[in-house]
Each structure stands twice: as structure tokens, then as C-alpha cells.
**Student:** 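Below are the C-alpha cells for one structure; questions will follow.
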Amino acid sequence: MELSAKYNPAEVEDKWYSYWIENRCFHSEPDSREPYTVVIPPPNVTGILHMGHVLNNTLNDVLVRKARMDGKNACWIPGTDHASIATENKVVARLRERGISKEDISREEFLKYAWEWKEEHGGIILQQLRKLGASCDWDRTRFTMEPALSEAVLATFCHFYKKGLIYRGVRMVNWDPVALTAISDDEVIHKDTKSHFYHLKYYVSDGKGNPTDKYLVIATTRPETIMADAAICVNPKDERHHWLRGKKVLIPLIGREIPVIEDDYVEMDFGTGCLKVTPAHDAHDYEIGLRHNLPVLDIIDDHGRLNENAQILVGEDRFEARKKIEKMLEDAGNLVKVEEYVSPVGYSERTDAVIEPKLSAQWFLKMEDLAARALDHVESGRIKFIPDRYRNTYRHWMETVHDWCISRQLWWGQRIPAWYLPDGQVVVEETAEKALEAAQKINPALTAADLRQDEDVLDTWFSSWLWPISVFDPKLPGHPEHKANRDLSYYYPTSDLVTAPDIIFFWVARMIMAGDEFMHDVPFRNVYFTGIVRDKIGRKMSKTLGNSPDPLDLIAKYGADAVRLGMLLCSSAGNDILYDESQVEQGRNFCAKIWNAWRLVSGWSPDAEAAQAESCRVAVKWFDNLLSRTINEVEDHYAKFRISDALMAIYKLFWDDFCSWYLELVKPAPGQRLDGRTFEATVGFFEKLLKLIHPVMPFITEELWQAMEERRPGETIMFQRTPKAGPCNADFLARFDLARQAVINIRALRAQKNIPPKQELELFVEGDALAEVAPALCKLGGVRLSSGKAEGAAVSFLVGTVQMSVPLAGFVNVDEERSKLENDLAYQKKFLAGVRAKLSNEGFVAHAPEAVVAGERKKEADALSRIEALEKALASLNA
RNA sequence: GGGAGCAUAGCUCAGCUGGUUUAGAGCACCUGCCUUACAAGCAGGGGGUCGGCGGUUCGAAUCCGUCUGCUCCCACCA
């Protein structure tokens, strides 16, 4: 097969991905082999590929391809997440473009639009993953809101409800007035925000609702909420305010009377030491309200506007109301002063709206017991985190866990399977039919029309926590008595999970809980946390900053293999990735190197009759040993999830050892032909190297593997076995390294003395340490080997402990050489002194491990022989 | 405020239970080369008192304390 001079990734990548799909190479069915299972962290169905996905899925693919080549039955489940808030926002935005407001249409109409949107844009990201080379089992693609998985979610809700772990409660939630939904604490981002600190006078009431001339001053950032005040609170230890005990004060503008109460919560030295308590609009105030039995008055509606309860400014937006009430308070003489103030304000992660603390009826899942069990799975080591330090983070969260608010005031998602009876009773069942049956047991007269289903949907994570189970057997979640089907029994628990640390609680912890609840087993054995992809100056990649390259552009420009390698080069587990395009360039260069190496080898026409040159025999023996050693290293790295180290070991083996040394050693001179034995060995090495590289760079390795020889239809490198390490002669490798070093020294010598490359040098080596490897050395160094002593002025040097000298009549300046040798000698003596100091240290000899002491003695002996050799060289130079 | 982590070459990081390294790698940089696989390359080279200080030890990049500077998570004083 004729290879083009340049590697063309675009052509090759499309060709082989189609080939893999056609031959169903990614598909897995249970069989007698050991399974290797991973589930994709499902990306948002409306999402598009970003650099974080590239990192995550590249790592996933490397692990999957490696396992496949190790002979395991590898199965990688792809799929998408319905992402209720994000998707609903996008649908709302698109409807708005068409001039349709969500409030103007029915739930059913809205969902119709949403599904349309999903069919149109959903799954784009899965197509993009194919460009990256992801070897997912596409036949098994899942979606968290497909019917079977939705049923699993509803069954799960019923399961926990019937266990008494799900309850409905009034809670202070984080209300997003734009998305019109409650969001979890974890979805609130606190940002320091410039605002004002308003100091307001509250006059003490005379008892009949009239102001006296006495007053107190409170400080607030939210003057628009004073109409909802239920009390003024001071610290009981605060003597400045003891005169207020038992008094009532009047809310400015509306004159409503509220009590002064005392609570330790109030900081005496913050603000004025007086706190207005507004239970409906502040989480802490709500807690104080509970302690003091204060009434709750809600004056803000779902859109963040003041309602009738406010009495004034009704219908105004909360921020408008703030501006207006400032003026009103000033006019009324209640405004003492306004300070500039920076305070942390909660924003919605999704809509960036300022969060409004709001009391609302929500569904909760009790977490205490689930969390305790989930913690144990990690503490006991049944689940391993990589890197391990995330265990601390995990433990901390699991020990301080709050109940999980699982309801969302949205339409896109699984609707809560709770039905209200006319009398307010609630029945929870998986379907409307079952709910009616249950309701009729309470009141036989009821009909379907009497039941009203809860309007809310479930939190997206309430479906994704089932993912490792429901992708295989959606019937199981919620029905622990159900016998797991064949897929679930075979593939569960999954092997590894690759994900970002920011969803350790949202997703990882909850999958562990669901796995424990329904499978009584962990959902995965190892969790590999990737870092966050940042740009090269450390900023998070974001659309607004515009610092995030489009992965597809990168793939088009450099090829998927290059992008994969670029991503992996700089990624160690748990560390943030500082992405720089130069890394992708490095990946592209590596592709070119592999390509060109094969162009060289494939261009040779071997002579089957020719005898193998000694230099070739040595080279083959060397690389065979080196390959074994490197394979062992690589396996060790993979076993410890040190993917970038494994990659680097392979990269250096190919580039530095195979290309720069091995190929140069066996490369026939122009016009010459290589012997058949060496050629076969070289092709064999090349194939093993391709197999080692394949998990990281699937496309170019497939292309070359197919180009090496005629393959059977449907055959692929994907299913070739990872090369096994043979025996490794470490001593031989060490001697070859000496020869290699000698070549480097001789090359340096040529450069230094301006000796033309054509001129052969005569090299004298003492002893026979290099006897076997010398042929290789001679070829690359352009030297002829002699024994005995160099005549006349010569350059002496040491490689390891081997003394070598090259007579260089006409090139050597004796004085220069002498001073160099003297420098070397001085250095060796100093080094020897250091080693001897250590050895004469009684503590060292007594305490250090034997091997270490022996090592030092070896150093001492080596240094001595070097000194001896240098002295000899000096003597002969002087003679 | 609570918790966790990081600090090693210009950059990104290895360095695993203290000793076998006279602190390594990749990239970047500098010098010389278009040598018929590859200039997306080849051959060389420079560059670090392992953040500061103290301690433990025969021995510390490694363990302990402390300081400084960053990062993340949790909670946020109205």
C-alpha cells in the first residue's frame, strides 16, 4: 500500500469510524469474558461538545479501548440527560423568539415544543463524540427521559415515599424568579455584589399603634421587605438595647406593630445590633421565626414582584421597589443613612437571576441514612477515588448532608406521581390509574376528574442517580424485589467512572446511594476525577470569555488523534488542565512522526537471503528488551490511572528509542538492502508499538495497522491484544546505554574538534564491557574499535566506568585536554569525598537499608575507578 | 468563619513507604544542521540553594510546626 507523504487525518478518521460502526466493533453483549463497563456522564441533551467533554471522554475512551485490547468485554454506554432546567430555559428562549410566552400555552403544548426541540438538537453532542473517536456502544444509547427510564424514576419516587423517606414540607428554598423554579443550594452561586446598607428608624409604639418619639435603628440591604417584618431582634446580652425589652415598634410607611425579641443569632457588633426579622424572605430569619413563633407574611410573588400583602408598591419588581422605597422612607423621615456595601448575593447558576429566598411547599428525600451508607462504601475502600484526597471532600459533605429537595417548578422532566384528593389527602402511585384505585380505597365515590396531579417535576439528578442501573434494566429502580435482567447482572457494577469533581455530590454520591438502595452494591469500583479545563493563563473556559476553542474546529485542523493526545499530555488526575493549542500541535507532530516512521520501514525491500549484520542483531535484541521493560512500566501506570505517564512512556519509546536509535541502527545505507530477519523483527516491533498507541490514538494506528499487510474483512486493531512483556535483560540494557552514551560523546567530540563525519575514528576501550554492543556503537559513531592503548595525543573520556580514548592527531590541543581532565578529576574527587563522608557516618551505616549502603559503596568504587582512569589518561597525555 | 489542597526549571508537571538522582520529564528557549522517513524534523546545550523560617533524623524536595502566596469546596453578618 502506497502511503501519501503527509498524514491526512480527516480522510482516515471518517473512514475508520464508519468501518468500526459497520462491523459493530463497539457493540457488547454479555458473554463468558470478564466485563469492563463504563457509563458516560450523560451530557445535556441540548449541549454541544466543549473542551471538558473532550477531556472526559478521551480519558474514558482510552480506558475502554485499553480494556478491550486486554481481552475484556468492554461496554461503554452513551446517552444524554434531559437536564430539566437548562433545556427548559432553552425552549422558553426559543418560544420567546417566536413571540410565545410560556404562560400563554398549556403544559401539553409546551412539552410538545420541548420534545420537538429535543428531536432536533438532542444528540448533536453524541454525533460530535464520534468525531473524537469515542468507542461507545451506540446501540445502547439512552436518554434519561425516555419512557422506560422515566418509569424507573417514578417507581423510585414511589419506593422512597412508601418507605417514608419522601415527605412534603414547607421549606425556605432558593427561588429563581426567572426560571420560576426552586433550585438546590448547590446551584446557587454566591457573588460579592455592590449594594447599599440602609439604616432605618423604627419608632417605638405607644401600645396603641402610635409612634412615640423613641426609636431604634436597624440596618438592612433589603428595605423593600420591611412590610414583611415580623419582629425586631436584638442580642439578649446587648445592654444598649435592654430598654427595648417588651416594647413594640412600628414598621415605617405602613405602621404595622411588631414585637422586639431577643436571640443569640444577632451579632452585637455588626450593623446597629438590631436585626429586622423577615421570616418569609430570609432563611435565617425564617429559623428565628420558627424559634419565636413569628407569623410568616410573604410579600413577594413568584416573579419577584411585590404582592398585595405588601400594602404599598404592589406589583413593583423587587429592585424597582427598593429604589422607590428608599425615596419614600427618606420623605417619611425614616431613612438615617445609606452606606455603600459589598455583600455576597446568591445567583442562579442557570439564569444568573438573584435568588429570592422563598417559602414554598416542596418534596424532600431524607438523606441521613442513605448518606451514611454511601459514606461507608467509600470509607471502606469498596469504591476508590482517584485522586484519593476527594475522600475528604466526600466525607465532609456526607456528614453534614441536608435533605434533598427533589421537586422543581418546571414542566420538562418527570412529573411528580402524587395526586391530591379534593379533601387535600395525597396518594402516590406510579400511574394515574393506580392512583385512582388508591384514591377510591379512601373514597369509593371519587373519579379521575377529582384527582389533581402535583404540578412539579423531579430534579434531574433524581433520574441521573439511577443511570448505572437504569441503562441496563430500567425495571429495577424502585423495585428492588425485581430480579435483575441479564445485562444488569453481567455489567453491574460498572468498572470505572470518569467525571469532574464539581458533581461529586450532585451525581457521584447519589449514584452510590441509589446503587446501595436498589442493588445492595456499589455502582462502580473506581472514580477518576478529571480536572477543570482552563486556558493557559488559568481561566475557566467559558463562552462569555470566548477562550474556549471549539473542539470540532481543532479536530478539523489537527485531527482527532492529535486533540486526544494534546488533552492527555497535560492531564494528571484531579489537577486542572491548562489547555494550550501547542499541546495539540505536539499531538499532530507525533502523528506525523509515526506516519513517517512507517513510510521509512515500508519502503525497505528486504533481502531474505542476506545474513543479519551484527549491528542489527544487537539492535533487535536491545529493542526487544526495552519494549518489554516499557510495557511493564506502561501497565503499571495504567493500573494506577496515571494515564499521562503511560502515554509519555509510550511516546518516548516510540520517538526517542524506536525512531532515533533503533531505526537509525538498522537503517540500510543508500543502495543497500536490509536482511529479512531484521526486517521481520522491525515490522513486528512496529505492530506492537501501534497496539500500545492505539488506545490513545485510535485512528492513525488503525490506518497503519491496516496498511501493514492485507487484513481480513472486518478485522481491526481494536481487538488485537495488548502486547505482553517478555523477559527483560536489565544488564544488557544497561550496557547498551553505555554504548549509546559513548556514541553521544563521540558525536560531541566530532562537533567540538570539527572532525568531518566521514572520517572514521579509532576508539580504544579498556576491558570488554562493550564487546557485545560495540558493533552498534561503531556504526552510529563512525568509529573503529581497538583494544590496547591509544598512541600519541588522545582525548580520553569515561562512559559509566568504562575508559575510552581516541587518538586525534592534529585535532587535539594538549593543554586544553589536560585542563579538562584535571577539572573532571577534581570533580570526581569532590564527589568521592562526599560519598566517603556518608560512609564514615556511623549512623548511616547503622540505620540505612543494606541496599542503600551497598549503593554508596558501589558509588565509591565507581568514583575510585573513574579517578584512576582519569589519572591514567592524564599520565598518558603528559607522556 | 469552617474544611481541603497546592507551592520543584520560563510553562505544565513526575518524584509512590525519608536513603539506590551528583533533583527528573515533556514543552518552550539557545546553538549547529534542508544528513535521500520526518524542518510538524535531526544533533547538541543552558536553566532549579525543591516558596521562607524552624524542628525531628545519621540523612529531608519527601515527615512535623510555622509564616507567606495561590486554588477549590462549605457557610455566609442583616
Side-chain angles (χ1 to χ4, degrees), chain A residues 3 5-7 185-186 190 197-198 218-222 225 233 265-267 269-278 282-285 288 341 343-346 387 389-393 395-397 400 501-502 504-505 532 536-538 558 562 569-572 574-580 582-583 585-604 636 640 642 644-645 647-649 651-652 659-660 663-664 667 670 744 747-748 750-752 757 827-828 830-831 834-835 838 841-849 851-856 858-859 863:
Chain A
L3 257 67
K6 290 257 188 241
Y7 174 57
D185 290 347
D186 313 294
H190 292 274
F197 213 20
Y198 302 87
I218 61 102
T220 180
T221 54
R222 300 202 60 191
T225 64
C233 190
Y265 169 76
V266 180
E267 304 274 338
D269 49 5
F270 186 81
T272 60
C274 295
L275 170 71
K276 75 185 200 67
V277 183
T278 318
D282 182 280
H284 288 287
D285 290 10
I288 297 171
Y341 187 63
S343 66
V345 173
R389 71 182 129 92
Y390 282 106
R391 264 199 0 223
N392 292 329
T393 317
R395 186 188 317 114
H396 187 251
W397 191 75
T400 58
D502 52 347
I504 184 167
F505 311 129
I532 294 164
K536 65 176 168 185
I537 52 173
Y558 297 102
L569 273 173
C570 54
S571 66
S572 50
N575 285 340
D576 285 358
I577 312 297
L578 272 73
Y579 166 81
D580 185 8
S582 72
Q583 290 150 3
E585 279 174 29
Q586 198 184 341
R588 176 202 54 188
N589 296 353
F590 191 45
C591 282
K593 190 72 186 178
I594 298 171
W595 188 257
N596 285 317
W598 179 247
R599 280 178 62 215
L600 173 68
V601 174
S602 64
W604 290 337
D636 184 52
K640 291 168 183 156
R642 295 200 296 239
S644 56
D645 290 345
L647 169 58
M648 190 44 69
Y651 178 91
K652 282 195 279 193
C659 292
S660 298
L663 290 180
E664 292 300 331
K667 183 156 87 177
I744 290 168
R747 282 178 186 161
R750 284 183 186 279
Q752 244 174 50
Y827 181 82
Q828 292 297 335
K830 200 179 133 203
F831 176 64
V835 173
K838 213 165 186 183
N841 180 332
E842 285 168 27
F844 172 75
V845 178
H847 294 101
V852 173
V853 178
E856 289 300 314
K858 172 117 194 325
K859 274 191 205 166

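We use all heavy atoms of the structure for the numbers below, so side chains are in, but hydrogens, waters and symmetry mates are not. In what follows, chains are A, B, ... by sequence order, proteins preceding strands, each numbered from 1.
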**Student:** Pairing check on B:rG18: which nucleotide meets the Watson-Crick or G-U wobble criteria with it, both distances under 3.5 Å?
**Tutor:** none
**Student:** Looking only at non-hydrogen atoms, find the nearest pair between A:Gly273 and A:Val266 and report the distance.
**Tutor:**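 Shortest heavy-atom contact: O-CG1, 3.4 Å.
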**Student:** Is any side-chain nitrogen or oxygen of A:Lys667 closer than 4.0 Å to OP1 or OP2 of B:rA37?
**Tutor:**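 True: A:Lys667 side-chain N/O within range (under 4.0 Å) of B:rA37 OP1/OP2.
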**Student:** Taking the side chain of A:Arg599 as its heavy atoms from C-beta onward, which of B:rG19, B:rA37, B:rA43 lies nearest to it?
**Tutor:** B:rA37
**Student:** With both distances kept under 3.5 Å, what pairs with B:rG5, Watson-Crick or G-U wobble?
**Tutor:** B:rC70
**Student:** Mind checking the CG-CD1 spacing from A:Asp282 to A:Ile288? Nearest 0.5 Å is all I need.
**Tutor:** 7.5 Å
**Student:** Identify which nucleotide among B:rC38, B:rG5, B:rC27 has an atom closest to any side-chain atom of A:Arg389, counting heavy atoms from C-beta outward.
**Tutor:**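 Nearest to the side chain of A:Arg389 among the choices is B:rG5.
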**Student:** Looking only at the side chain of A:Asn841 (C-beta and beyond, no hydrogens), which of the listed nucleotides B:rG19, B:rC58, B:rG15 gets closest?
**Tutor:** B:rC58
**Student:** Please name the nucleotide paired to B:rC29 by Watson-Crick or G-U wobble geometry with both distances under 3.5 Å, or report none.
**Tutor:**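 For B:rC29, the partner nucleotide comes out as B:rG45, under the 3.5 Å rule.
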**Student:** Pick base, sugar-phosphate or nothing for A:Gln586, based on heavy-atom distances below 4.0 Å to the nucleic acid.
**Tutor:** sugar-phosphate
**Student:** Considering only the C1' atoms, how many Å lie between B:rG65 and B:rC29, rounded to the nearest integer?
**Tutor:** 40 Å
**Student:** Roughly how far apart, to the nearest Å, are B:rC72 and B:rA78 at atom C1'?
**Tutor:** 28 Å
**Student:** A:Phe590 CZ to B:rG26 C1': how many Å, rounded?
**Tutor:** 12 Å
**Student:** Rounded to whole angstroms, how far apart are CZ on A:Arg642 and P on B:rA25?
**Tutor:**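 Going from CZ in A:Arg642 over to P in B:rA25 covers 17 Å.
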**Student:** For B:rA78, give its Watson-Crick or G-U wobble partner with both distances under 3.5 Å, or none.
**Tutor:** none
**Student:** Sort out the partner of B:rC13 for me: Watson-Crick or G-U wobble, both distances under 3.5 Å, none otherwise.
**Tutor:**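 When the pairing criteria are applied, B:rG24 turns out to be the nucleotide that pairs with B:rC13.
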**Student:** Check every strand shown and say whether A:Ser660 touches a base, only sugar-phosphate, or nothing at a heavy-atom separation below 4.0 Å.
**Tutor:**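 Result for A:Ser660 = sugar-phosphate.
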**Student:** A:Asp645 CG to B:rG24 P: how many Å, rounded?
**Tutor:** 17 Å
**Student:** Let me know, please, whether A:Thr220 or A:Asn596 comes out on the 5' side of the other along RNA chain B by nearest nucleotide.
**Tutor:**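 That would be A:Asn596.
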**Student:** Which nucleotide wins on minimum distance to the side chain of A:Lys652, given the candidates B:rC58, B:rA40, B:rA25?
**Tutor:**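 For A:Lys652, the side-chain atoms sit closest to B:rA25.
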**Student:** Which nucleotide in the set B:rU20, B:rA4, B:rA37 lies at the smallest distance from any side-chain heavy atom of A:Asn392?
**Tutor:** B:rA4
**Student:** Measuring only the C1' atom in each nucleotide, how far is B:rC13 from B:rG2? A whole number of Å is fine.
**Tutor:** 31 Å
**Student:** Grab the two heavy atoms, one from A:Ile218 and one from A:Thr272, that are nearest each other, plus how far apart they are.
**Tutor:** CA-OG1, 3.5 Å
**Student:** When we call it a touch if two heavy atoms are under 4.0 Å apart, what does A:Ala748 touch: a base, just sugar-phosphate, or nothing?
**Tutor:**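 If one applies the 4.0 Å heavy-atom cut-off, A:Ala748 turns out to touch nothing in the nucleic acid.
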**Student:** Heavy atoms from C-beta onward define the side chain here; which of B:rC27, B:rG44, B:rC58 lies closest to that of A:Ile744?
**Tutor:** B:rG44
**Student:** How long is the straight-line distance from OH of A:Tyr265 back to CG of A:Leu275, given to the nearest 0.5 Å?
**Tutor:** 6.5 Å
**Student:** Would you indicate which nucleotide in B:rG19, B:rC76, B:rC38 comes nearest to any side-chain atom of A:His284?
**Tutor:**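 Minimum distance to the A:His284 side chain belongs to B:rC76.
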**Student:** Please classify the nucleic acid contact of A:Thr221 as base, sugar-phosphate, or nothing, using heavy-atom distances under 4.0 Å.
**Tutor:**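 A:Thr221: backbone/sugar contact only, no base atoms under 4.0 Å.
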**Student:** Any strand counts, and the cut-off is 3.5 Å on both contacts for Watson-Crick or G-U wobble. Which nucleotide pairs with B:rU36?
**Tutor:**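 Across all strands, not a single nucleotide pairs with B:rU36.
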**Student:** Less than 4.5 Å apart, side chain to side chain, heavy atoms only: is that true for A:Lys6 and A:Trp595?
**Tutor:** no
**Student:** Checking base pairs now: Watson-Crick or wobble, both atom distances under 3.5 Å. What partners B:rU57?
**Tutor:**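 Pairing partner: none.
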**Student:** Would you indicate, yes or no, if B:rC42 has its OP1 or OP2 atom less than 4.0 angstrom from a side-chain nitrogen or oxygen of A:Lys593?
**Tutor:**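 So the side chain of A:Lys593 is within the cut-off, an N or O lying under 4.0 Å from OP1 or OP2 of B:rC42.
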**Student:** At under 4.0 Å between heavy atoms, what does A:Cys659 touch on the DNA or RNA strands: base, sugar-phosphate, or nothing?
**Tutor:** base
**Student:** Heavy atoms only, 4.0 Å cut-off, all strands: where does A:Ala751 land among base, sugar-phosphate and nothing?
**Tutor:**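 Since no nucleic acid heavy atom lies under 4.0 Å of A:Ala751, the category is nothing.
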**Student:** Tell me whether the OP1 or OP2 atom of B:rG44 has a side-chain N or O from A:Arg747 closer than 4.0 Å.
**Tutor:**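 Yes.
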**Student:** Which of these nucleotides, B:rC16, B:rC58, B:rC27, is closest to any side-chain atom of A:Phe844?
**Tutor:**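 My answer, after comparing the listed nucleotides, is B:rC58.
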**Student:** Expressed as a whole number of angstroms, how long is the span from A:Ile504:CD1 to B:rC72:C1'?
**Tutor:** 12 Å
**Student:** What's A:Val853 touching, base or sugar-phosphate or nothing? Going by heavy atoms closer than 4.0 Å.
**Tutor:**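 Nothing: the residue A:Val853, judged by heavy atoms under 4.0 Å, touches no strand.
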**Student:** Please indicate yes or no: is the ring centre of A:His396 less than 5.5 Å from the centre of the six-membered base ring of B:rC73, with the two planes inclined by under 30 degrees?
**Tutor:**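 A stacking contact does not exist, since A:His396 is not both close and nearly parallel to the base ring of B:rC73.
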**Student:** Within this structure, what is the NZ-to-P distance between A:Lys858 and B:rU21, rounded to whole angstrom?
**Tutor:**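 So the two atoms are 10 Å apart, to the nearest Å.
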**Student:** Return the minimal non-hydrogen interatomic distance between A:Ala5 and A:Asn596, and the atom names on each side.
**Tutor:**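 Looks like O-OD1, 4.0 Å.
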**Student:** Rounding to an integer number of Å, can you tell me how far A:Asp285 CG sits from B:rA78 C1'?
**Tutor:**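 Atom CG in A:Asp285 sits about 7 Å away from atom C1' in B:rA78.
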**Student:** Quick one: pull up CG in A:Leu569 and CD in A:Gln586 and give me the separation to the nearest 0.5 Å.
**Tutor:** 4.5 Å
**Student:** From CG of A:Asn589 over to C1' of B:rA39, roughly how many Å is that when rounded to an integer?
**Tutor:**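 For the pair A:Asn589 CG and B:rA39 C1', the rounded distance is 11 Å.
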**Student:** What integer distance in Å separates A:Tyr390:OH from B:rU71:P?
**Tutor:** 16 Å
**Student:** Looking only at side-chain N and O atoms, does A:Tyr7 come under 4.0 Å of OP1 or OP2 in B:rA37?
**Tutor:**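 No, outside the criterion.
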**Student:** What nucleotide among B:rA40, B:rA78, B:rU36 has an atom nearest to a side-chain atom of A:Ala592?
**Tutor:** B:rA40
**Student:** Could you say whether A:Gly843 or A:Thr400 is positioned toward the 5' end of RNA chain B, judged by the nucleotide with the nearest heavy atom to each?
**Tutor:**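 This one resolves to A:Gly843.
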**Student:** Is the base of B:rA28 touched by the side chain of A:Gln583 through a donor-acceptor pair closer than 3.5 angstrom?
**Tutor:**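 Between B:rA28 and A:Gln583, which were checked side chain against base, a qualifying N/O pair under 3.5 Å is absent.
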**Student:** Would you say that A:Tyr7 contacts A:Ile594 through its side chain, given a criterion of any heavy-atom pair below 4.5 Å between the two side chains?
**Tutor:** no
**Student:** A:Leu275 side chain: which of B:rC27, B:rA78, B:rA37 is closest?
**Tutor:**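 Out of B:rC27, B:rA78, B:rA37, the nucleotide with an atom closest to A:Leu275's side chain is B:rA78.
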**Student:** Report the distance from atom CZ of A:Arg747 to atom CZ of A:Arg750, rounding to the nearest 0.5 Å.
**Tutor:** 10.0 Å
**Student:** Across the strands shown, which category fits A:Ala851 at heavy-atom distances under 4.0 angstrom: base, sugar-phosphate, nothing?
**Tutor:**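 Result for A:Ala851 = nothing.
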